Amino acid sequence: MVVQKFGGTSVADPEAIRRLIEIVRTARTRDGRGPVVVVSAMSKVTDALLGIASTAGAGRPGDARPLTDALCERHKSAVRALVSGPAQAPLLAHIAGQFDQLADIVRALAILREVSPRTLDVVAAMGELLSSRIVAAALTEAGVPSDWVDARCAIVTDGEHTRATPLGPETGAALRKTIAPILDAGRVAVLGGFVGATIDGHTSTLGRGGSDYSGALVGAGIDASEIQIWTDVDGMMTADPRVVQSTHVVPRLSFEEASELAYFGAKVLHPSTILPAVAKNIPVKILNSRKFDGGGTLITGSSPVDEPLAALACKRHITVVDITSTRMLMAHGFLRKVFEVFERCRTAIDVVSTSEVSISVTIDDASRLEELVEELSAFADVRVEHDMAILCAVGDGLRRDPRLATRILGSLEHFPLRMVSQAASRRNVTVVLQDGVAAQAMNHLHDKFFARDAATSGARGLAS
Ligand code: ADP
Ligand code: ASP
Ligand code: MG
């Protein structure tokens, strides 16, 4: 039995939801049990909800009103298009009730002039809670009997609102309790991704793009045979298709490769998605919900192909922090002190490179940069450079062929590289350069290693 996660564009409108219904129906007919369906909010709804919260928090409730009305109407019109029977009226009433509640929250935020992470989660979660109810009703109406599961009763998280971490055993127990009876009754279970709740019942969310993570958590929780991520591209592509035009699908990836690619910017997969799948060795498939053709990317525990490079990834607009010891050489304990500052400021470091007297790190989230610089300046000279980019070439083959890293770096000879790093896993070669040239460098690397007719290639995409 499979878990099928559908992203925002795959539930964007009635037409997309009708495609979803056929995909679910096919899985149900094939497997005879399930599937469990995890859905994102309809596309752009989360952004709109967060926009409403910040407009309200800025004391402009009047500006939030048209946005709220438009969202309400979008959900209602999807219901009218997909659900006609006796289920329609209660669902429309439910949606109206939810938007009345949102209007109350908007008024409160406008008075308080402050949006706490906990309140933000209540607002952001609305998108998935509504889309999942609509999808459950639409499936049932289309002859695929389905039950809605409240994700707040199924995913248990810590209290780090807006980027909560699921609690493993609690979530496992909650998933089995909520989902197993529905599957046992021969029905499809539908729940919103991205959303959970703390042990004391406060709504939480797993961070932007977190529905993939929910899909994987559900898959691991109920021992699914496969976790399917249905999205708007044909699979994991050889590079970000928004940056490189000539990309093609990577048919096979190892868990480790997929993790690296997701972490370094391949947005098609949330970086935490692979963890629950690895824990239970469950294959993950990335598929296009517009193209029902059996293609896509299969991610498993093994790396079955010999080709060296799997794909490129790119993280744009990151910040480089150079930290130079104020003593001549790096004194004993210097690195520890540096990393403790990042830990205290809860800021994740992506890439590190060191020399005898200095260390350079990249950070994606610069929201606490001022505090970081102040603390580091107590024992080091600090220099900050904004608008940089990380470019990362990933492939298990890098372990097998020591010349490949040299070829990658050599092919970037015309681009000034700010940092270079290859970790012990030797699964990626990572460079940091100015964001202004990142797209050009990415295209250049892609031409060298992934172009279908490149003599120098041998990249995995060619095997497809
Ligand atoms: P969903 O709403 O289905 O979760 P996302 O927008 O989160 O979809 O992720 C899909 C998008 O990820 C694609 O439309 C594409 O623009 C982007 N993307 C970035 N890098 C890659 C990559 N290497 N392969 C595929 N898609 C990528
Ligand atoms: N709707 C959420 C977001 O836009 C989660 C997701 O789609 O994965 O970030
Ligand atoms: Mg996504």
Side-chain angles (χ1 to χ4, degrees), residues 4-12 16 19-20 23 38-51 71 120-121 123-132 151 155 162-164 191-196 204-217 228-251 253 257-273 285-290 295-297 299 309-316 390-395 438-439 442 445-446 450 459-461:
Q4 301 185 308
K5 177 263 167 177
F6 293 87
T9 45
S10 306
V11 292
R19 283 194 295 268
L20 171 153
I23 292 168
V38 177
V39 294
S40 285
M42 296 168 86
S43 72
K44 305 209 168 66
V45 166
T46 311
D47 285 339
L49 288 166
L50 294 174
L71 270 190
L120 209 51
D121 271 353
V123 175
M126 270 186 70
E128 269 73 6
L129 293 172
L130 288 175
S131 64
S132 53
I155 306 281
T162 74
R163 48 176 185 183
L191 71 157
F194 178 56
V195 175
S204 55
T205 63
L206 306 181
R208 296 306 307 268
S211 292
D212 298 337
Y213 192 13
S214 303
L217 288 165
Q228 299 177 348
I229 308 285
W230 291 88
T231 184
D232 62 349
V233 280
D234 289 350
M236 178 68 81
M237 311 302 285
T238 45
D240 185 337
R242 292 165 301 182
V243 179
V244 177
Q245 276 191 353
S246 55
T247 58
H248 36 93
V249 180
V250 185
L253 281 173
E257 289 171 329
S259 282
E260 300 260 6
L261 288 166
Y263 188 78
F264 285 108
K267 187 191 170 216
V268 69
L269 210 57
H270 182 277
S272 302
T273 310
K285 246 190 198 164
I286 306 176
L287 297 147
N288 190 339
S289 64
R290 288 171 194 273
T297 299
I299 307 166
L309 281 188
L312 306 175
C314 179
K315 228 176 184 177
R316 309 282 304 264
I390 299 172
L391 211 157
C392 187
V394 176
M442 187 89 160
L445 259 193
H446 194 270
F450 294 92
R460 193 162 307 177

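Start at 1 and go down the list; that is how both ligands and their atoms are numbered. It should be emphasised that the depicted structure is a prediction, and the values quoted were computed from it without experimental measurement.
- L20 is listed as a side-chain neighbour of V11, based on a closest heavy-atom distance under 4.5 Å.
- Heavy atoms of K5 found under 4.0 angstrom from ligand 1 belong exclusively to the side chain.
- Between F194 and ligand 2, no pair of N/O atoms sits closer than 3.5 Å.
- With ligand atoms numbered from 1 in the order given, ligand 1 contributes 1 (P), 3 (O), 8 (O), 10 (C) to contacts under 4.0 Å with heavy atoms of T231.
- Taking every heavy atom of A266 and a limit of under 4.0 angstrom, the matching atoms of ligand 1 come to 20 (N), 23 (N).
- Of the protein's non-hydrogen atoms, K267 NZ, 3.8 Å is the one closest to atom 5 (P) of ligand 1.
- If you number the atoms of ligand 2 from 1 as listed, the ones under 4.0 Å from a heavy atom of S40 come out as 6 (C), 7 (O), 8 (O).
- The side-chain tip of K5 does not point at the ring of Y213 from less than 6.0 angstrom away and within 45° of straight on.
- A donor-acceptor distance shorter than 3.5 angstrom exists from the side chain of H248 to the backbone of F450, with no hydrogens or angles considered.
- Among the atoms of M237, some N or O lies under 3.5 angstrom from an N or O of ligand 1.
- Ligand 2 places these atoms under 4.0 Å from at least one heavy atom of E128: 1 (N), 2 (C), 5 (C), 6 (C), 7 (O).
- Counting atoms of ligand 2 from 1 in the listed order, those under 4.0 Å from a heavy atom of R208 are 3 (C), 4 (O), 9 (O).
- Salt bridge annotation for D47-R208: present, with a cationic side-chain nitrogen under 4.0 angstrom from a carboxylate oxygen.
- T247 and H446 are not linked by any side-chain donor-acceptor pair at a separation below 3.5 angstrom, with hydrogens and angles left out of the test.
- For atom 21 (C) of ligand 1, the closest heavy atom belonging to the protein is P241 CD, 3.7 Å.
- Within the 4.0 Å heavy-atom criterion, both parts of M236, backbone and side chain, lie near ligand 1.
- The shortest N or O to N or O distance between S40 and ligand 1 is not below 3.5 Å.
- Remark: distances from the non-hydrogen atoms of G210 to ligand 2 include one below 4.0 Å.
- Here the side chains of I286 and L269 are in contact, with some heavy-atom distance below 4.5 Å.
- Side chain to side chain, S204 and D121 fail the donor-acceptor criterion of an N or O pair below 3.5 Å.
- Among the atoms of D212, none of the N or O lies under 3.5 angstrom from an N or O of ligand 1.
- The shortest separation from a heavy atom of G193 to ligand 2 is not under 4.0 Å, leaving the residue out of contact.
- At a heavy-atom cutoff of 4.0 Å, ligand 1 is contacted by the backbone of A239 but not by its side chain.
- Scanning the protein heavy atoms around atom 6 (C) of ligand 2, the nearest turns out to be S211 OG, 3.3 Å.
- Listed by number with element, the atoms of ligand 1 under 4.0 angstrom from any heavy atom of G235 are 24 (N), 25 (C).
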